Amino acid sequence: MQYWLMKSEPDVYGIDDLIRDKVNMWEGCRNYTVRNYLRDEMQEGDLAFFYHSNIPPTGVVGIMRVVHAPYPDPTQFDPQSEYHDPKSPKDQPRWFVRDVEFVEKFARVVSLAEMKATPGLEAMPVTQKGQRLSITKVSPSEWDLVCTLGRSNR
DNA sequence: GCCAACGTTGGC
DNA sequence: GCCAACGTTGGC
């Protein structure tokens, strides 16, 4: 099983929205590296950190699970959508989504600053300057460390 | 709001 | 296939 970190801006879609919805389509990826992760590398049952980007406190706020096979992102064919991609061929879609299911909200946010300061997390892409993929891989040891932090009282 | 970093586009 | 211009991300 592979672990992941997936970013979302909480004013667009945050962990409390996922608690309400229980399952949600992770839509709108328009980057080929991330597309390949979604389409080719993620497996049903993989676990992912939910990361709040852009609005402080930025950081990991909980855990979700990948619950469905990949399928074409419907927003790419929707002219009304901000994610509309008129160049994506209908018979060979460019963009894919996964469904994710809520698993856990941490007792506290594991902030980006804290992750940068925690030994053992320095290889996480999210702690590195200029790294802006919206989905990245997480190693088992990184996974355990961040979970421990998020479940602790600090 | 600024801006550094990076991905994508398109002219040649 | 190079690379400059442009758009976007996302921390601060």
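Note that the coordinates shown come from a computational prediction; the quantities given were computed from them, not determined experimentally. Lettering follows sequence order; numbering is per chain, from 1.
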Between A:Thr118 and A:Leu121 (side chain of the first, backbone of the second, donor and acceptor by atom type, cut-off under 3.5 Å), is there such a pair? no

With clusters defined by side-chain heavy atoms of hydrophobic residues (ILVMFWY) lying less than 4.5 Å apart, directly or transitively, does A:Met25 cluster with A:Phe102? no

For DNA chain C, find the residues of residues 24-38 of chain A with a heavy-atom distance under 4.0 Å and give them by number; none if there aren't any. none

Identify, with sequence neighbours excluded, every residue that meets side-chain contact (heavy atoms from CB on, under 4.5 Å) alongside A:Ser81. A:Thr75, A:Asp78, A:Tyr83

Taking every non-hydrogen atom, the tightest pair across A:Tyr37 and A:Thr136: CE1-CA, 4.3 Å

From CG (A:Asp46) to CE (A:Met6), nearest 0.5 Å: 10.0 Å

Can you list the residues that meet the side-chain hydrogen bond (donor to acceptor under 3.5 Å, both in side chains) rule with A:Glu101, with sequence neighbours excluded? A:Arg65

Donor-acceptor contacts under 3.5 Å from residues 90-97 of chain A side chains, at least two apart:
{"residue": "A:Arg94", "atom": "NH1", "partner": "A:Asp85", "partner atom": "OD2", "Å": "3.2"}
{"residue": "A:Trp95", "atom": "NE1", "partner": "A:Asp85", "partner atom": "OD2", "Å": "2.8"}

Give me the residues of residues 70-79 of chain A where at least one heavy atom lies under 4.0 Å from an atom of DNA chain B, by number, or none. none

Considering only heavy atoms from C-beta outward, does the side chain of A:Arg39 approach that of A:Arg98 to under 4.5 Å? no

Spell out protein contact along nucleotides 5-12 of chain C as letters: B when the base is contacted, S when just the sugar-phosphate is, - when no protein heavy atom is under 4.0 Å; keep the 5' to 3' order. --BBBBBS

Between A:Trp26 and A:Phe50, how do the two ring planes meet: parallel, tilted or perpendicular, split at 30° and 60°? perpendicular

Between A:Thr58 (side chain) and A:Ser53 (backbone), is there a donor-acceptor pair under 3.5 Å? no

